[in-house]
Trainee: 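The structure is given below, and queries will be raised subsequently.
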Amino acid sequence: MDFSKLVEELWKKFFSKVDEKTKGDIIKWFSPKCVIIGTGAHEFYTGLDNFLCAFANEMTERNDIEFNLKNIWCEQMQFDSKTCLVYGKIYVLGESEDKSVLINMDGRFTLIFHMVEGHWEIIHIHYSIPNQEQGDGEYYPKTLLKKVQELQSINDEMRALAQKDGLTGLDNFRTFSNQWEHRSKYGWFFVLDLDHFKQINDTYGHLAGNEVLLYMGKVFRSVIRENDLLCRMGGDEFLIFCSEMKNKSDATEFAQRLINEVRKAGESNLYWTTVSVGAAEVTSGMSIDEALENADKSLYVVKKTKRGGFFAI
């Protein structure tokens with residue numbers, strides 16, 4: 001018997017507009033005890049009655065979807081006089097009248113025919129649609145995991161971008177503020193402002209100015225202690241908070257080290273500038289706004305007297 005031809009006809013009928021006659025032409029080949037397994041987690045039917053119930057639901061769900069069996073290939077393998085296996089591939093397209101539903105199924109199947117009391121019956125069907133996340137050569141789908149990892153990586157990058165200054169890679173003010181809330185509320189707060197920075201942009205261009213900001217951030221990072229907070233406030237202004245710094249003498253020594261390192265870095269740079277530093281002591285209960293305001297007052301004094309210097313209150 002040509003089971004391959006029979007299977008082709010059964011698939012064509014299954015994907016046609018199934019009426020009662022077509023339905024009867026299909027199920028007459030099924031054994032009452034047939035086992036049918038599909039791709040979906042729910043598609044595991046033991047017995048014809050279970051399948052017919054699901055089949056009726058599927059016909060209802062199809063509604064106005066028009067299926068088009070584009071291609072089918074199958075082969076048969078005779079095991080003995082009473083058992084034959086048919087296996088193959090099937091490609092089906094479909095769409096609803098309003099184009100809101102599109103179907104694209106590239107499936108694989110196996111059917112087992114068995115002779116029962118002189119009549120051939122289908123005792124088993126397995127139809128599956130390959131996981132679209134499964135890449136070529138994969139024995140199980142890893143692609144989805146890769147996509148999740150890629151999205152996680154993108155999420156991490158976006159989180160980092162939200163926390164960092166895009167030019168210097170230093171923390172931005174928002175991150176600085178959040179970290180401030182978890183630090184000891186005493187120490188010294190520093191505001192650093194680059195002197196005559198606008199002249200660098202006007203004389204050498206904004207790319208040169210960006211290079212100065214980037215390198216300046218590296219100099220500041222090399223001076224601060226491990227637990228100090230550093231951020232680019234914006235423009236040519238940077239902030240540092242040294243928690244638990246004991247007194248004004250320590251703050252002065254720290255600020256002078258910053259100023260000296262900046263000057264030293266300028267010896268090997270074509271375009272460079274100095275830095276003015278204002279500082280204020282942070283006491284218990286002081287908010288970041290108060291600390292910033294006090295340090296700004298100190299910086300104002302430096303700007304009005306001697307740029308490239310330091311003042312603390």
Side-chain angles (χ1 to χ4, degrees), residues 160-181 183 185 187-225 227-243 245 248 250-266 269 271-282 286-313:
L161 287 174
Q163 295 174 341
K164 302 293 183 182
D165 171 59
L167 175 62
T168 63
L170 301 177
D171 288 341
N172 57 29
F173 182 67
R174 179 181 179 183
T175 304
F176 185 93
S177 300
N178 290 338
Q179 292 176 334
W180 161 279
E181 296 301 323
R183 294 300 176 95
K185 293 302 187 295
W188 281 81
F189 197 100
F190 300 83
V191 179
L192 292 69
D193 188 88
L194 308 191
D195 299 316
H196 307 295
F197 181 71
K198 184 176 182 300
Q199 292 181 11
I200 297 176
N201 286 331
D202 292 343
T203 305
Y204 299 102
H206 286 85
L207 289 179
N210 287 347
E211 189 174 327
V212 169
L213 290 169
L214 178 62
Y215 196 74
M216 197 69 74
K218 293 179 180 179
V219 174
F220 298 154
R221 189 186 282 121
S222 70
V223 177
I224 64 173
R225 305 171 305 175
N227 293 324
D228 294 340
L229 300 181
L230 166 65
C231 82
R232 181 186 176 200
M233 178 71 173
D236 60 341
E237 194 165 88
F238 297 78
L239 304 180
I240 295 176
F241 174 53
C242 298
S243 61
M245 184 171 278
K248 187 175 182 178
D250 290 342
T252 302
E253 180 183 339
F254 175 78
Q256 197 58 56
R257 197 166 354 125
L258 282 170
I259 293 169
N260 291 339
E261 289 299 318
V262 168
R263 285 177 177 162
K264 194 182 301 181
N269 282 275
Y271 27 80
W272 197 243
T273 186
T274 55
V275 62
S276 295
V277 182
E281 185 177 10
V282 177
M286 186 177 289
S287 70
I288 190 170
D289 291 338
E290 291 173 312
L292 178 56
E293 182 180 1
N294 290 339
D296 266 335
K297 290 177 181 178
S298 294
L299 181 64
Y300 180 78
V301 173
V302 178
K303 289 288 190 178
K304 286 295 183 181
T305 55
K306 183 182 178 181
R307 291 175 184 265
F310 166 72
F311 185 80
I313 59 174

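Since the model is a prediction, treat every value here as computed from it, not as a measurement. Throughout, numbering of the chain's residues begins at 1 and tracks the sequence.
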Trainee: With a sphere of 6.0 Å drawn around CZ of Arg174, does it hold more than 12 non-hydrogen atoms of other residues, nucleotides or ligands?
Mentor: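 Atom CZ in Arg174 is not packed in, count stays at 12 or less.
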Trainee: If we only count heavy atoms from C-beta on, is the Met245 to Phe190 side-chain gap below 4.5 Å?
Mentor: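 Yes, their side chains come closer than 4.5 Å.
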Trainee: Which pair of non-hydrogen atoms, one from Val191 and one from Ala295, has the smallest distance, and what is that distance?
Mentor: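 Closest heavy-atom pair between Val191 and Ala295: CG2-CB, 3.4 Å.
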Trainee: Do Leu213 and Asp165 have side chains that get closer than 4.5 Å, going by heavy atoms?
Mentor: no
Trainee: Please say which of Gln199, His206, Lys198 ends up in a side chain to side chain donor-acceptor pair (under 3.5 Å) with Asp202.
Mentor: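 Among Gln199, His206, Lys198, the one meeting side chain to side chain donor-acceptor pair (under 3.5 Å) with Asp202 is Lys198.
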Trainee: Out of curiosity, Arg232 CZ to Leu167 CG, how far, rounded to the nearest 0.5 Å?
Mentor: 5.0 Å
Trainee: Enter the distance from Ile200:CD1 to Asp236:CG here, rounded to the nearest 0.5 Å.
Mentor: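 So the CD1 of Ile200 and the CG of Asp236 are separated by 9.0 Å.
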Trainee: Do Leu230 and Asp171 touch side chain to side chain, with heavy atoms closer than 4.5 Å?
Mentor: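 No, too far: nothing below the 4.5 Å cut-off.
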Trainee: Which atoms form the tightest heavy-atom contact between Val219 and Ala265, and what is the distance?
Mentor: CG2-CB, 3.9 Å
Trainee: List for me each residue that meets side-chain hydrogen bond (donor to acceptor under 3.5 Å, both in side chains) alongside Asn210, sequence neighbours excluded, and say none if there are none.
Mentor: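 Expected list: none.
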Trainee: Distance-only check: which donor-acceptor pairs under 3.5 Å involve side-chain atoms of residues 299-313, not counting sequence neighbours?
Mentor:
from	atom 1	to	atom 2	distance (Å)
Lys303	NZ	Asp193	OD2	2.4
Lys303	NZ	Asp195	OD1	3.2
Thr305	OG1	Val301	O	2.7
Thr305	OG1	Val302	O	3.4

Trainee: Indicate, with yes or no, if the rings of Trp188 and Phe254 have centres closer together than 6.0 Å.
Mentor: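 That pair fails the under 6.0 Å test.
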Trainee: Does the side chain of Leu170 reach to within under 4.5 Å of the side chain of Phe176, using non-hydrogen atoms?
Mentor: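 When only atoms from C-beta onward are counted, Phe176 and Leu170 do not touch, as no gap falls below 4.5 Å.
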Trainee: For Trp272 and Gly266, work out which heavy atoms get closest and say how close.
Mentor: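 That would be CD1-CA, 2.9 Å.
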Trainee: Can you name the nearest heavy-atom pair linking Ser298 to Ala279, along with the distance?
Mentor: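 Looks like OG-O, 2.8 Å.
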Trainee: For a quick test of reading the model, state the closest non-hydrogen atom pair linking Met286 to Trp180 and the distance between them.
Mentor: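 Residues Met286 and Trp180, closest heavy atoms: O-CZ2, 3.6 Å.
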Trainee: Using 30° and 60° as the class limits, which term best fits the ring planes of Tyr204 and Tyr271: parallel, tilted or perpendicular?
Mentor: tilted
Trainee: Would you say that Phe189 contacts Asn294 through its side chain, given a criterion of any heavy-atom pair below 4.5 Å between the two side chains?
Mentor: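 No, their side chains stay 4.5 Å or more apart.
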Trainee: Of all the heavy-atom pairs spanning Thr273 and Leu194, show the shortest one and how long it is.
Mentor: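 It is CG2-CB, 4.0 Å.
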Trainee: Would you call Phe220 and Asp228 a side-chain contact if the rule is heavy atoms closer than 4.5 Å?
Mentor: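 No, too far: nothing below the 4.5 Å cut-off.
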Trainee: Just wondering, do Gln256 and Glu253 contact through their side chains at under 4.5 Å, heavy atoms?
Mentor: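 No. Closest side-chain heavy atoms not under 4.5 Å.
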Trainee: Rounded to the nearest 0.5 Å, what separates atom CG in Leu192 from atom OG in Ser276?
Mentor: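 It comes to 9.0 Å.
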Trainee: Nearest 0.5 Å, what's the CG-OG distance between Asp289 and Ser177?
Mentor: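 Rounded to the nearest 0.5 Å, the CG-OG separation comes out at 8.0 Å.
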Trainee: Within the 3.5 Å criterion, strictly below it, is a donor on Asn178 or Thr175 matched to an acceptor on the partner's side chain?
Mentor: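 Asn178 vs Thr175: no donor-acceptor pair found between side chains.
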Trainee: Distance check, rounded to the nearest 0.5 Å: Ile224 atom CD1 versus Cys242 atom SG?
Mentor: 8.0 Å
Trainee: Roughly how far, to the nearest 0.5 Å, is CZ of Phe241 from CD of Gln179?
Mentor: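 Going from CD on Gln179 over to CZ on Phe241, the span is 11.5 Å.
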